[in-house]
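This report refers to the structure that appears directly beneath it.
If you're wondering where the values come from, they're calculated on a predicted model, not measured in any experiment.
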Amino acid sequence: MPKSVTIALGERSYEVLIGVGLLDEASVHLAPFIGDRPATIVTDTHLARDQLARLTKSLGATADPIILPAGEETKSWASLSFLCDSLLARGINRSDHIIAFGGGVIGDLVGFAASILKRGCHFIQIPTSLLAQVDSSVGGKTAINTAAGKNLVGAFHQPTLVLIDPSVLATLPARDMRSGYAEIVKYGLINDFAFFEWCEKNATALLAGDREAQIYAIEKSVRTKAAIVAADERETLDMRALLNLGHTFGHALEAETGFSGKLTHGEGVALGIVLAHRFSARLGYCTRQEAERVAMYIRSVGLPSELREVGIKTTGETLVAHMLHDKKKTAETLPFILSQQLGQAYVDKGVHLSDVIAFLDEETQRGL
């Protein structure tokens, strides 16, 4: 039996199913939503090569999938326009369900297209990357990137169902596995120190393909996010903002590298988590020892812990300029997710950007 987590949002509640082999029995779980109509699947070139046949065989239909290029560049205006035109050409109506079969890029793009197509239609998430399985497929945030920054155009639009099969991770490159793992560590550092300690002990097994460890971490992450989303769906309180630990710094680093793939989203988050803890220590919140424990752990699993590792040599002022496009910025402030101690993140709305600039200038010189 698959594990089931409910995202409790009243009439828009939905289930997240987690289990090995769910992809091969997708028809059982998708039948109530897609009925007898041919399934409309959106995926990318990598999944079309490695996993699409499993899904179409399960659905028992001759699929006419929409296959998009793999990579962060696909989260763009051009891809959104192409996807919407392709879906309309297939006769999609408001009662249909579009299947997002891929990682975070496909999930975000398809979800956003579903939110605007005919003023809103349904979609189902079948996430295939570790990052998407533990984070981006759950919670209803959908978006594309723009020249100004990451995820700046989008909508809250919840899926009807999320189907997570860890077996698809077997074809995922090691770099992508590590990138997804950054989001798992994040959940421990937000509000669950015991889970962070579990991560310290079990990272090697999880990244090597241990199914028991993967399922435990995925379910733990999804349950943590489910509780936060149910309490603060649209990030109007400070609760859901905690899920952005590492992201304000990380998105600035991604923007600086031009969303080129030189720095993956998970790598940006991992380095952002390190920077958030070091900045917290600089401000006198968590200790320097705690901050360096995080940095050493991030480094131990093969993720970047220093700006020089990813070729960031620019000024703090330039990186802060990227942050000023952050979705969380208001007229008065740019909130930062910082740490009072390991496993106790909080939202700080009183950070002086001059302090951030000085801190980042120091970080670019670290180790030189």
Side-chain donor-acceptor contact under 3.5 Å, His265 with Glu254: yes
Gln133-Ser129 side chain donor-acceptor pair, cut-off 3.5 Å: no
Rounded distance [0.5 Å steps], CG in Asn244 versus CD1 in Ile190: 8.5 Å
Point-to-point distance, once rounded to the nearest 0.5 Å, from CD of Glu197 to CG of Asn202: 11.5 Å
Heavy-atom closest pair, residues Ser179 and Thr264: OG-OG1, 2.7 Å
4.5 Å side-chain heavy-atom contact, Leu189 and Leu342: yes
Lys150 and Glu72: CA distance, side-chain angles, deciding distance, salt bridge (Lys or Arg N to Asp or Glu O under 4.0 Å) verdict: CA-CA 10 Å; Lys150 188 177 180 70; Glu72 189 73 23; 2.5 Å; yes
Thr74 side-chain N/O to Pro69 backbone N/O, donor-acceptor pair under 3.5 Å: yes
Any side-chain donor near an acceptor of the partner, Ser339 and Ser280, under 3.5 Å: no
Salt-bridge criterion met for Glu306 and Arg278 (N-O under 4.0 Å): yes
Whether over 12 other heavy atoms sit under 6.0 Å from Glu317 CD: no
Pair Ser167, Arg211: side-chain N/O donor-acceptor within cut-off below 3.5 Å: no
Over 12 non-hydrogen atoms of neighbours within 6.0 angstrom of CD in Glu25: yes
Shared hydrophobic cluster, Phe82 / Val105 (ILVMFWY, side-chain heavy atoms < 4.5 Å): no
His251 and His247 aromatic ring geometry - parallel, tilted or perpendicular at 30°/60° bounds: perpendicular
Thr314 side chain reached by Leu319 side chain, heavy atoms, under 4.5 Å: yes
Close aromatic pair by centroid cut-off 6.0 Å: Phe279 and Tyr285: no
Point-to-point distance, once rounded to the nearest 0.5 Å, from CG of Leu338 to SG of Cys286: 8.5 Å
Nearest atoms (heavy-atom pairs only) where Phe123 meets Ala100: CD1-CB, 4.5 Å
Leu243 with Leu131, same ILVMFWY side-chain cluster at under 4.5 Å: no
Cluster link Trp77 to Leu117, ILVMFWY, side chain under 4.5 Å: yes
Phe249 and Phe336 aromatic centres sub-6.0 Å: yes
Leu172 reachable from Val269 in the ILVMFWY side-chain graph, under 4.5 Å edges: yes
Taking every non-hydrogen atom, the tightest pair across Leu206 and Ala217: CD1-CB, 3.5 Å
Minimum heavy-atom distance between Leu207 and Tyr181, given as atom pair plus value: CD2-CB, 4.0 Å
Summary of side-chain hydrogen bond (donor to acceptor under 3.5 Å, both in side chains) pairs that have at least one residue in residues 168-178, sequence neighbours excluded: Gln51-Thr171, Arg175-Glu267
Side-chain H-bond candidate by donor/acceptor type, Glu233 with Gln158, under 3.5 Å: yes
Pairwise salt bridge (charged side-chain N to carboxylate O under 4.0 Å, His left out) hits with a residue in residues 186-196, at least two apart: Asp135-Lys186, Glu183-Lys186, Asp192-Lys220
Value rounded to 0.5 Å, distance of CD1 in Ile273 from OG in Ser305: 12.0 Å
Verdict with reasoning, Asp238 to Lys349, per salt bridge (Lys or Arg N to Asp or Glu O under 4.0 Å): CA-CA 10 Å; Asp238 283 345; Lys349 298 180 180 178; 3.3 Å; yes
Listed once per pair and sorted, the side-chain hydrogen bond (donor to acceptor under 3.5 Å, both in side chains) pairs that draw on residues 39-49, sequence neighbours left out: none
Side-chain heavy-atom pair Asp361, Thr315 within 4.5 angstrom cut-off: yes
Criterion side chain to side chain contact (heavy atoms under 4.5 Å, CB included) on Asp24 and Arg54, from CA distance to verdict: CA-CA 6 Å; Asp24 302 303; Arg54 288 180 65 190; 2.6 Å; yes
side-chain hydrogen bond (donor to acceptor under 3.5 Å, both in side chains) partners of Arg94, counting only residues at least two apart: none
Criterion salt bridge (Lys or Arg N to Asp or Glu O under 4.0 Å) on Glu290 and Arg293, from CA distance to verdict: CA-CA 5 Å; Glu290 287 175 316; Arg293 178 177 174 178; over 6 Å; no
Donor + acceptor pair across side chains of Asn191, Gln344 (<3.5 Å): no
Ionic contact status for Glu362 with Arg282, cut-off 4.0 Å: yes
Least distance between heavy atoms, Ile298 atom then Pro304 atom: CG2-O, 3.4 Å
Spatial distance of atom CD1 (Ile126) from atom CG (Leu30) [nearest 0.5 Å]: 5.0 Å
side-chain hydrogen bond (donor to acceptor under 3.5 Å, both in side chains) partners for Gln341, two or more places apart: none
Reference residue Leu47; test side chain to side chain contact (heavy atoms under 4.5 Å, CB included); the match among Thr128, Ile106, Val42: Thr128
Results of side chain to side chain contact (heavy atoms under 4.5 Å, CB included) for Asn93 - residues two or more places apart only: Arg37, Ser95, Asp96, Lys118
Partners passing side chain to side chain contact (heavy atoms under 4.5 Å, CB included) against Ser76 (at least two apart in sequence or in another chain): Ala78, Ser79
Pairs where residues 99-113 contributes a residue and the test side-chain hydrogen bond (donor to acceptor under 3.5 Å, both in side chains) is met, not counting sequence neighbours: Lys75-Asp108
Contacts of type side-chain hydrogen bond (donor to acceptor under 3.5 Å, both in side chains), residue Arg240, not counting sequence neighbours: none
Contacts of type side-chain hydrogen bond (donor to acceptor under 3.5 Å, both in side chains), residue Ser13, not counting sequence neighbours: none
Nearest heavy-atom neighbours spanning Ala26 and Leu55: CB-CD1, 3.8 Å
Same cluster (ILVMFWY, side-chain, under 4.5 Å), Leu80 and Phe156: no
Partners meeting salt bridge (Lys or Arg N to Asp or Glu O under 4.0 Å) with Arg223 (sequence neighbours left out): Glu219
Partner residues of His97 under the ring pair (Phe, Tyr, Trp, His ring centres under 6.0 Å) criterion, sequence neighbours left out: Phe33, His122
Straight-line distance of Phe195 CZ to Tyr216 OH, nearest 0.5 Å: 6.0 Å
